[in-house]
Amino acid sequence: MTTTDMPRKVDTGSVRAVSKKRPRGGSGGGLRRAVPATTLLWVLAAVYALPVLWFVLSSFKPAGDLFSLPLTLFPRNPTVSGYEAAWDSANFSQYFINTAIVCVIATILTVGVSCCTGYALAKYDNKWLKAFFVGILATTMLPGEVMLAPLFLVVRDLGLYNSLAGIILPALLTATGCFMFRQFFLTVPDELIEAARIDGARELSIFLRIMVPISRPIMLTLAILSFQWRWNDYIWPLLMLNDPEKFTVQIGIQSLVGAQNINWSVLLGGSVISMIPLIIVFLVFQKYVMNADINAGLKD
């Protein structure tokens, strides 16, 4: 047997020393640091959730119990009469159809236009594009109410007054969507585009087959936001529509408010009904946003 074949002695003392030197409190220290942050997040979640919970539970209270003292979180005599009265007093089925048409079409067009604009602003070097981007960002510095009058005149002169198209058209280009896509495409290496050009890909093919697929998380995020914006929009549809058959959900909820008094039970029921599609959309699409790999296709 040679010296190389001899079994090596294990220094048990060094092993014990190494095991003793291992920071036993490492996981405990991380846990101690995580507890305050987690506690703070739970407190903030409770602060935000309590008004929503009170709002939803109050919709199941009779009108006489809403302002009875002492105030209670849970209804003493739960009832769905507010929901029934809200659904019967307003044409919610037609309102849902109108709002769904506006939200779906506007969301698809907003995502498409914002994606194209953001890609052009990020990957093409032109001084006019930079000036255009500054102009887009400048619109965020003005209150939306300031732009209502000129926007109304433009849409009216286009012959789109009292139509769903008049609500959809101004929503095509948003500063938020352009900024989101531009910032994302700036993180995409230019070498990826150059490699595609060397392989003979055209600009449209590069955009549709490379850039659009890797921007899926941004597209889904903007789609959720755009759907929420259009669904909750009240001022613009109120200015553009005067036909009750074309009213959206938010105008329909406003119609539940009486001229002399407000039936809060009916109003709360109608408000909760209007929230259901937004909750469904968020629950369906948020998992795709959270699980999406933003760096897909960009690994070395």
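Summarising the geometry of Thr117 relative to Cys178, their closest heavy-atom pair is CG2-SG, 3.7 Å, with the distance given to 0.1 Å. Shortest non-hydrogen contact noted between Ala85 and Val266 is CB-CG2, 3.6 Å. The two residues Ala175 and Thr139 have their closest heavy-atom pair at CB-OG1, 3.8 Å. The minimum heavy-atom distance between Phe132 and Leu173, with the atom names listed, is CZ-CD2, 4.3 Å. The two residues Pro62 and Asn77 make their nearest non-hydrogen contact at CD-O, 3.4 Å. The two residues Gly269 and Ala86 make their nearest non-hydrogen contact at C-CB, 4.3 Å.
Here the straight-line distance linking atom NZ of Lys246 with atom CD1 of Ile101 works out to 11.0 Å at 0.5 Å rounding. Between the SG atom of Cys115 and the CE atom of Met180 there is a distance of 11.0 Å, given to the nearest 0.5 Å. In this structure, Leu225 CG and Thr107 OG1 are separated by 10.0 Å, a value rounded to the nearest 0.5 Å. For the atom pair CD1 of Ile97 and CG of Leu164, the computed distance is 11.0 Å after rounding to the nearest 0.5 Å. Note: Glu191 CD to Ile193 CD1 = 9.5 Å, rounded to the nearest 0.5 Å. The structure places CE of Met211 at 13.0 Å from CG of Leu204, a figure rounded to the nearest 0.5 Å.
For the residue pair Asn242/Asn162, the side-chain donor-acceptor check at 3.5 Å is satisfied. Side-chain N/O atoms of Ser59 and Tyr83 include a donor and acceptor closer than 3.5 Å. Using a 3.5 Å distance cut-off with no hydrogens or angles, the side chains of Thr79 and Ser81 do pair a donor with an acceptor. With 3.5 Å as the limit, one finds a donor-acceptor pair spanning the side chains of Asn91 and Ser93. Between the side chains of Glu245 and Tyr95, no donor N or O sits under 3.5 Å from an acceptor N or O.
With contacts defined as side-chain heavy-atom distances shorter than 4.5 Å, the pair Ile167/Leu160 does not qualify. Side-chain contact between Ser271 and Phe55 is present, with at least one heavy-atom pair separated by less than 4.5 Å. Residues Thr174 and Phe179 form no side-chain contact, since every pair of their non-hydrogen atoms from C-beta on lies 4.5 Å or further apart. At least one side-chain heavy atom of Val188 sits less than 4.5 Å from a side-chain heavy atom of Lys123. At a threshold of 4.5 Å between non-hydrogen side-chain atoms, the residues Glu203 and Arg197 count as touching. Inter-residue side-chain proximity for Tyr234 and Leu238 is flagged as met; some heavy-atom pair is nearer than 4.5 Å. Annotation: side chain of Thr248 is not in contact with side chain of Asp233 (no heavy-atom distance under 4.5 Å). Side-chain atoms of Trp264 and Lys61, non-hydrogen and from C-beta on, never get closer than 4.5 Å to each other.
Grouping the Ile, Leu, Val, Met, Phe, Trp and Tyr side chains by contacts below 4.5 angstrom, directly or via other members, places Trp128 apart from Leu121. Hydrophobic clustering places Met219 together with Leu208 (ILVMFWY residues linked when any side-chain heavy atoms are closer than 4.5 Å, directly or through intermediates). One hydrophobic cluster holds both Ile276 and Val284 under the rule that ILVMFWY side chains link at heavy-atom gaps under 4.5 Å. Met147 is not connected to Val155 by any chain of hydrophobic side-chain contacts under 4.5 Å among Ile, Leu, Val, Met, Phe, Trp and Tyr, and they are in different clusters. Under the 4.5 Å side-chain contact rule for hydrophobic residues, Val134 and Leu129 do not share a cluster.
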(Q) Using side-chain contact (heavy atoms from CB on, under 4.5 Å), reason through Cys116 and Phe181 one step at a time and then give a plain yes or no. (A) CA-CA 9 Å; Cys116 297; Phe181 276 102; over 6 Å; no

Q. Does the pair Trp42 and Val47 meet the rule for a side-chain contact (heavy atoms from CB on, under 4.5 Å), with working shown?
A. CA-CA 9 Å; Trp42 276 108; Val47 170; over 6 Å; no

Q.
Apply side-chain contact (heavy atoms from CB on, under 4.5 Å) to residues Ile206 and Arg202 and explain how you reach the verdict.
A. CA-CA 6 Å; Ile206 294 173; Arg202 298 183 179 181; over 6 Å; no

Q. Step by step, would you call Gln228 with Asn232 a side-chain contact (heavy atoms from CB on, under 4.5 Å)?
A. CA-CA 6 Å; Gln228 178 184 357; Asn232 289 329; 3.5 Å; yes

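Here ring-ring contact (aromatic ring centres under 6.0 Å, His included) pairs that include residues 145-166, with residues two or more places apart or in two chains, are Phe152-Tyr161.
A donor-acceptor pair is defined here as one N or O able to donate and one able to accept, closer than 3.5 Å; such a pair exists between the side chain of Trp236 and the backbone of Gly166. Of the possible donor and acceptor atoms, none in the side chain of Asp199 sits under 3.5 Å from a partner among the backbone N and O of Ala201. Using a distance-only test at 3.5 Å, with no hydrogens or angles considered, a donor-acceptor pair links the side chain of Thr140 to the main chain of Leu137. A donor-acceptor contact shorter than 3.5 Å links the side chain of Ser215 to the backbone of Val212.
Between Tyr119 and Phe185, the two ring planes are perpendicular [angle over 60°; tilted spans 30° to 60°].
In this structure, the side-chain contact (heavy atoms from CB on, under 4.5 Å) partners of Val154, at least two apart in sequence or on a different chain, are Leu158.
Side-chain rings of Phe227 and Trp231 approach one another, their centers coming within less than 6.0 Å.
The residue from Val111, Val104, Thr110 that alone fulfils the side-chain contact (heavy atoms from CB on, under 4.5 Å) condition with Ile108 is Val104.
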